[in-house]
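Accompanying notes for the structure given below.
Being a predicted model, the structure only gives us computed values, none of them experimental. Chain identifiers are assigned alphabetically (A, B, ...) following the order of the sequence lines, protein sequences preceding nucleic acid strands; residue numbering begins at 1 within each chain.
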Amino acid sequence: MVTLLTGWGRTNPSATEVLEHGGEDVDGLARIVKALPARGGVARGLGRSYGDPAQNGGGVVVRLVDSVHDVAIDAAAGTATVPAGVSLDDLLALLVPRGFFVPVSPGTRFVTVGGAIASDIHGKNHHLEGSFGNHVRRLSLLLADGTVAELGPGERPDLFWATVGGMGLTGIILDATIRLLPIETSRCSVDTERADDLDTLLTMMDEGDRFYRYSVAWIDLMATGSRLGRAVLTRGEHATVDQLRPKQAVDPLVYDARQRIAVPPLVPPAGFVNHTTIKAFNELWFRKAPRRRVAQIVSIPAYFHPLDFVGSWNRMYGRAGFVQYQFVVPFGQERALRAVVERLSATGTPNFIPVLKRFGAANPAPLSFPRPGWALALDIPAGARDLDALLHGLDEVVLDAGGRHYLAKDAHTTPGAIRRGYPRLDEWRAVRASVDPAGRWTSDQSRRLRLLAD
Amino acid sequence: MENALGEPQTIVLLGGTSDIGRAIVDELVSPVTRTIVLAARRPDAVEAGPLTAPERTVDVVAFDAADTASHAGFVQDLVARHGDLDVVVVAFGQLAEQDDLDDDPTAAAALVHVNYTGAVSVGLAVAAQFRRQGHGRLVVLSSVAGERVRKSNFVYGSSKAGLDGFAQGLGDALAGSGASVLVVRPGFVHSKMTAGLKAAPLATTPTKVAAATVAGLRRGRRTVWVPALLRPMFAVFRHLPGVVWRRLDL
Ligand SMILES: Cc1cc2nc3c(=O)[nH]c(=O)nc-3n(C[C@H](O)[C@H](O)[C@H](O)COP(=O)(O)OP(=O)(O)OC[C@H]3O[C@@H](n4cnc5c(N)ncnc54)[C@H](O)[C@@H]3O)c2cc1C
Ligand SMILES: NC(=O)c1ccc[n+]([C@@H]2O[C@H](COP(=O)([O-])OP(=O)(O)OC[C@H]3O[C@@H](n4cnc5c(N)ncnc54)[C@H](OP(=O)(O)O)[C@@H]3O)[C@@H](O)[C@H]2O)c1
């Protein structure tokens, strides 16, 4: 069926033929791949990337329909073999009651394992444990010629690392074996602190992040004057049974991750999410955070996926949709981070609870986003005034500092910006082309950013 | 592929010397723009210089709106060289004194052929490509002259009325295809076309038409009136009784 597809940001749609297919029927999938039209094909997970990597105007998109019943847990090895179309939402519902957690969790559970690998997603634990690809033991990849390749860090490592972070452009990931994190309880123990400005925040994270598995800060970039950059830093760890109240300890692995409300499909009036409403929201968000609180016990959904309590919240932005601006700059380039923060604040651009994360070591994947440094992500209504000039200006600041942008979030930047941000792009292209010389894997993003070739 | 901010990578201007068309291109150009095609019946009259930039191709090509047989091949050739077409602006058009056309049916037919038939033919060729690529925006320069045709320029006005109807219908037909059509209805615009003519009330400039056009594209509008006041005015004009309309000296 030909469908208008967009990413989570609901911007720049294109019409794509969507084929849903069970990942276990490899022969059927191989037939689809061999019959791809001239405009090619790409896999799509749950469409949680913000921009256009999982759409392919005039071509084909393959959605894997997989069942969580086919997940195989090896408790002794601490791994799970998961069909790539399974969501982290379903996977967590299976794993948590059995005492396991996913090795990396993004800010939403509604992503697939295939999408998590293809974007090499990161979580609040990146500073210690790296990104999703670091925890993939092996995967199987359906190639453009219809054959299936077995890949791992020790098996065809070039193609493995080109697939990790490769945005679906090396083939369709069919399944993967991932390392799990054993947990005693389904709760987290969280410490919360506030910082009054950006410098204080960076110092706190520099000094203290290593003592916590998880760390992330929310910054208020709509506050002005001396409040600019005020932040709430939350850091935590999975709680142990002896940290729970007796009543909680009865069923320490109980897991309930239901969505509480959903934004109706009615499009809200244009400009509902505007400067005033976002500023008010940020104020509330900031006020509700305690000034200082230690060892607060909270559930996994409340700690990792607070936005998931509201379904389809992306509709709030109305017809124009929104973009997420996410970049990382290396340590030592705090000046660039500050420059971005100041410019965002000076232009008064509405932006939604920006997240600052301190990244640890990079992995070997040429297109993996995380590298040691400061990563900032914020949502901005796409209709915001003069946003084009602002973002292209910020791009220069980021790139001049040796930073880069995240392909899973990008919806605005240029081929040149990706070339500068990812100096190993040509290396990735060569590996990719060796298994897809005709360029059958394509997406709107790969065309827009000339990922396959200049 | 256009990005999330509505910035196209590939812009095609049909009527590469049109003052309004060039102003629209100037307004659309951004760091994202990789290809600008200026298509004109007199390519040597096209000034490409101001649009050149590093990492950008400005391609000046021959295009005659009257030569409808060439249009499908013309579009295919553009795609072969530049890939997807993100925004295509139909800015060619001819205006003539109604008095001169009254006694020259051949000239009148030639003008209508360019303004209407030529736009239908190239518009359909572009729409077919938009369907193949699953996205694309067609901007059509209509005119208030077609909204209610006046006796003082009824041949031109009728060609715009036909063009306007075609463009609206094409936009409706493209719903769900990822492609869209923006119909731009300016009033009197100071440009080459109107040089030497007495300016009408609410006269505007190519720059203003361009700003309104790009704003309309970004907001996903189907029609844009420039200036905006013309819309309520023509809502009234449209329904004036013939006796009144005939007497108005517009
Ligand atoms: C609220 C929210 C919070 C987020 N928080 C974070 C975060 O904290 N950290 C982070 O890193 N990201 C985060 N993201 C981004 C998200 O994790 C990534 O975009 C992820 O890739 C989405 O997965 P998906 O299954 O929806 O894939 P899609 O968005 O559908 O696709 C993403 C890419 O993966 C490819 N792909 C999907 N399935 C396969 C497959 N089987 N084989 C090959 N390629 C495939 C697609 O081709 C595409 O290139 C967040 C997104 C949202 C909406
Ligand atoms: N100016 C106004 O008041 C006004 C108002 C409403 C609507 N419009 C419309 O807006 C559009 C642009 O007008 P403008 O004001 O920018 O006038 P312009 O500068 O005269 O542009 C008209 C363009 O059409 C081109 N053209 C004419 N015949 C052609 C043909 N057979 N093939 C290819 N190109 C051809 C002309 O090329 P040459 O340079 O070779 O002649 C010129 O580039 C036109 O459709 C016009 O009808 C204008």
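Of the atoms belonging to A:Leu391, it is side-chain heavy atoms, and not backbone ones, that fall under 4.5 Å from chain B. When heavy atoms are compared at a cutoff of 4.5 Å, A:Ala382 approaches chain B by way of both its backbone and its side chain. Of the two parts of A:Pro415, only the side chain, counted from C-beta on, holds a non-hydrogen atom closer than 4.5 Å to a non-hydrogen atom of chain B.
Across all non-hydrogen atoms, the minimal contact from A:Gly421 to A:Leu399 is N-CD2, 3.9 Å. Minimum heavy-atom separation, A:Leu5 to A:Ala54: CD1-O, 4.0 Å. Taking both residues in full, the closest heavy atoms of B:Val144 and B:Gly187 are given as CG2-CA, 3.7 Å, listed atom of the first, atom of the second, then distance. Listed here is the closest heavy atom pair of A:Val323 and A:Ala411: CG1-CB, 4.4 Å.
The backbone N or O of B:Lys192 lies less than 3.5 Å from a partner atom in the side chain of B:Asp19, making a donor-acceptor pair. B:Lys208 places no side-chain N or O within donor-acceptor distance of the main-chain N or O of B:Val189, the cut-off being under 3.5 Å.
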Write out all chain B-chain A donor-acceptor pairs shorter than 3.5 Å, or none if the list is empty.
residue: B:Glu2; atom: O; partner: A:Asn12; partner atom: ND2; Å: 2.9
residue: B:Asn3; atom: ND2; partner: A:His412; partner atom: O; Å: 2.9
residue: B:Ala4; atom: N; partner: A:Ala411; partner atom: O; Å: 2.8
residue: B:Glu7; atom: OE1; partner: A:His392; partner atom: NE2; Å: 2.7
residue: B:Glu7; atom: OE2; partner: A:His392; partner atom: NE2; Å: 3.2
residue: B:Gln9; atom: NE2; partner: A:Arg448; partner atom: O; Å: 2.7
residue: B:Glu55; atom: OE1; partner: A:Arg419; partner atom: NH2; Å: 3.3
residue: B:Asp84; atom: OD1; partner: A:Arg39; partner atom: NH1; Å: 2.9
residue: B:Asp84; atom: OD1; partner: A:Arg39; partner atom: NH2; Å: 3.3
residue: B:Asp84; atom: OD2; partner: A:Arg39; partner atom: NH2; Å: 2.8
residue: B:Gln133; atom: O; partner: A:Gly58; partner atom: N; Å: 3.4
residue: B:Gly134; atom: O; partner: A:Ala15; partner atom: N; Å: 2.8
residue: B:Arg218; atom: NH1; partner: A:Asp388; partner atom: OD2; Å: 3.1
residue: B:Arg219; atom: O; partner: A:Arg319; partner atom: NH2; Å: 2.9

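Using modelled atom types, one finds no donor on one side chain facing an acceptor on the other under 3.5 Å when comparing B:Thr205 with B:His190. A donor and an acceptor atom, one from each side chain of B:Gln168 and B:Asp172, are nowhere located under 3.5 Å apart.
Of the listed residues (A:Gly57, A:Gly51, A:Ala38), the one with the most heavy-atom contacts under 4.5 Å to chain B is A:Gly57.
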